[in-house]
Amino acid sequence: MVPSMTSPYATVPLVSFDGAESIRGSLYSPDRYRNLESIFAGSEGRSFSVRGAGLSYANLSFGRGSSSIAMTQFNRFLDFDEVTGVVEVEAGMTLGTLRSGQFLGDGTLKSSRAILQLQSVVVWPQMFMVKNQFQDLNFKEQVQFVHLFHPVHGYIYCDRLTNPEVFNLTCGGFGLTGIVISVGIRLGRLMSSGVETETIEVEDIFQLPKMLRENSSKFDLLYSWHEFNTQNNWGHGFLKAGRQVEMKNDKANGDSCDLSALAKAKQLLSEQRGRHLPMSLLFSSSVWLMNLAYLKKELFNGKGQIQPLVEFLFPVLQKTVYFDLFGRPGFHETQVLIPFDKFEAVMTELRSGLKKFSTPVTLASCKLFTGRQELLRFIGEGIVLAMNFPRNDTSAKLLDWWDQVVIEAQGLPNLAKDSRLSAEVVKKCYPQYDLFLEQLHKWDPKRIFQTAFAVRLGL
Amino acid sequence: MSMVSQESLRVFVVGASGSLGRCLAEEEAARGSNLVLVASDLRDLLPIQADLILKYKAKVEIVSVDFRESRASSKIELNGDRYYFPVGATMELDLLGTTSEKIERMMRVNFLSVASIIGNILSEPRQRRVDIIGFGSIAETRGRANNVYYSAAKRALTSLFESLRHGAKKENLRPYLFHVGYMRSQLSYGKKMLFPAVASKDVAKAVLHFINTKEAGIVYLPRYWYWICIIVRKLPWIIYQKLNF
C-alpha cells in the first residue's frame, strides 16, 4: 500500500470560490516527504501552486500551466507546549481538527474558522480576520514559526528572529514563497465553544462607526449586516455581537460542531456548485425579499441566544445554499478597508453607485479593523465593508467604478477576496507593492510558485 | 493459549507511513495498544509518532527500515502480539519486459519483506498467540500484461497466507489476509476506476472489526470484490485475453 516512487497526480477541474475562473489542472496530493520532493524532481521550467482547503476566492491555489499541490495529508499534531500554549501542527490540518485536539484543554485558536486548512491560513491571513480582528488582529499575530519547503532553498525554519524576512514574506505571501510544512501557533483560552449573541438594530448606516467603536469593548466578537437594496432607510441593519460564556451541558460544545462544519465545507467547494443551476436565482426582487426576511428574523431574535462559536464566526456555514443560488456564473465579492474619516463619504458614493448600476447586493457586512499595514497584507485602521453581487456584466461595471471610489478614499481592497482586481488598482492602493515584488523575486528569482492570482497582479 | 487484553497489545505496523498504515496505527492507538511503527523514512515516522502520542497518549516506538534492501527485516526486534503488513509498492511501468533490478525491488517490498518477518517471528519460541495481518490485492486475481510483478508478488503473498492458515493451530497464530479493492491512496490517486474507491480509514476500521470479532481468514474489502474476482477468475480465456485493463 506504499505508493510508487514518483508522486501521482490527478487531472481535475479547479475553480475559484467565486466561480470566476475554471481550469482543468494537475493536482498532486503527496502523503510522504519523498512524494512531495519527487514532484519537483526534474521540474526545471515548471511552476507550482499550493492548495489548502480549495476555498480561495481569488485563484490563489491554481493557475494555467501551474501544478497544484494539496497538502491535505500532512495533517498531524507535532508538538504542544502547555506552558507557552504553542502548538505545532502540519499545515494540511484543518482548523476544525485543531480545535478538536482534546489534549489542548481549553486552548483554542484566536481568529479561527473551523473549515480551512492552515496552509491557507498562514499564507493568506488576510482572509482570516473573522469577527474579532479588532481584538486579536490578523492570524499572523498568532503564528510563532513556520517550516517552509522550497525546491531551491530546501527546508527552511523561519520566525521573527530566524530568517525574519522569509517569515514576513510567507505570512501573507499568498503561497508564493513555497510550501508551508508546519507552523507553530499560539493558542488562546476559550471558555466554551458557545457564544451568547445580541442583535442591536442599526437604523442609520452613518452611525455605524460610532456604534462599532462603542460596542467593541463590550463584546468579544462583533460585526454588522446591512440591507443595501432599498432606497428607503438605505443601510438599515443590525450589529451582531457575541460574548463567550461559560456554560454547563453546552449543546453547542464539542467536536460535533467541527465535524458538521467540515461536512458543510465539502458542499462549499465551488467545483460542486452550479452543476444543476446554470443561472443565478438572485434577482433584485428575490434578494430584497430574502434580506428583508433575514433582517426581521435577526431583529426578532434580539439578545440572549446561544450559538456555536463556529456558526457565529462563519454564519454562511449553516446556509451553504446561499452560494448555490448564484448558480454556475458564481458571484463577486469585494471587501475593502475604509478609513474612519472617509466612511461617510464612501457610503454616500456607494448609495448613488448602487442606484445607478441597479444590481442587487446579496450581502453587505462591516467590521472594525486595526493594525499597521505592510507589504500586501490587508490590515489597517478603519471599517471593513464586504459585499456580494451575482456575477454578471452590470456587477462587473459597478465594481470597476467601486475601485475608483476606494482609490480616492485611500481604502484598501482585500486581494484574497476579489478575483477581478487589476495590478494597476493594487499598485495605487498598496504603497509597498513594489517592495513585496522585490522581496519575492529576491527570494525566488525563478518564481517557481505561480498562480492565476500572481499572474493577474504582475507578481 | 494465553489471551492478552487489547490495552496491553504490542502492535507492529510494517508500512506505517502509507495511508492504510497510518489509519491502522491510529485505530490501534485509540484502543490503547502499544505501537511499533516501521517504515523506510524517519521523516514520515516522526510526525505520526508525535501525533499519536499527543492525541492518545499512546506508547509509540519507531523503526526506520528500507525494505528495498536485502536483510532489512533482520533489523526489527520482533516481540509483538499483532503484526500488520500494509507494506508494498508499485512502479509506473510494471510490464513483462522489466529489468531484474526492478523486479527484485518489487518482490522485496511486496513479498519478501513480509515473508521474512513472518519467518523470523515463527522461528522464535513464543508464549503468546500472535495475529498476522497481511494485505493482498485484487490485482492478484488473474495475471495480465499490466501490473505484472506487483500482481505476482501479491499472488505469492496469498499462497503464504494460505500456508499460515493451514499451520495456524500448530504455530499458535491467527493469520488474516485482506484483499483490498479500490482504496483512496497514492496507489490509486488520479486513476480512473470502474468502482468507487473507499477511504483507507474505513478499511482500517473494517479490518479491526473483523479481527476482533472473527477467526482467521482471507477476506475481500469491500466484500463485493469477492464476487467481482470470482467472475474475473471464471471468465473463459478466449474472452479474458481480449480484455485490456
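Note that this is a predicted model, so its numbers are computed, not measured. Reminder, nothing fancy here: chain letters follow the sequence lines and each chain counts from 1.
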Practice task
Check whether more than 12 heavy atoms from other residues, nucleotides or ligands sit under 6.0 Å from atom NE2 of A:H153, and answer yes or no.
Solution key: yes
Handout entry: Separation of B:Y189 OH from A:N35 CG (nearest 0.5 Å)
Key = 12.0 Å
Exercise for the section: Could you tell me which portion of A:S29 (side chain, backbone, both or neither) has an atom closer than 4.5 angstrom to a non-hydrogen atom of chain B? Expected result: both
Exercise for the section: Could you tell me which non-hydrogen atom of A:E90 sits nearest to which non-hydrogen atom of B:P47, and how far apart they are? Expected result: OE2-CB, 3.8 Å
Handout entry: Residues, nucleotides or ligands: over 12 heavy atoms within 6.0 Å of A:Y157 OH
Key = yes
Exercise for the section: Measure across B:Q186 and A:P8 and return the closest heavy-atom pair with its distance rounded to 0.1 Å. Expected result: O-CG, 3.1 Å
Exercise for the section: List the atom of B:S19, the atom of A:D31, and the distance in Å for their closest heavy-atom pair. Expected result: N-OD2, 4.0 Å
Handout entry: Reported CZ-to-CG distance for the pair A:R76 and B:L54, which is rounded to 0.5 angstrom
Key = 12.5 Å
Practice task
Please look at B:L46 and chain A and tell me whether the side chain, the backbone, both or neither of the residue comes under 4.5 angstrom of a heavy atom of that chain.
Solution key: neither
Fill in the blank from the handout: For A:A10 and B:G190, the nearest pair of non-hydrogen atoms, with its separation, is CB-CA, 3.5 Å
Problem - Reported CD1-to-CG distance for the pair B:I53 and A:D79, which is rounded to 0.5 angstrom - result: 10.5 Å
Handout entry: Close contacts, residues 37-45 of chain B versus chain A, judged by heavy atoms under 4.5 Å
Key = B:S40, B:D41, B:R43, B:D44
Problem - B:Y149 atom OH, over 12 foreign heavy atoms within 6.0 Å - result: yes
Problem - Spatial distance of atom CZ (B:R22) from atom CD (A:Q73) [nearest 0.5 Å] - result: 6.5 Å
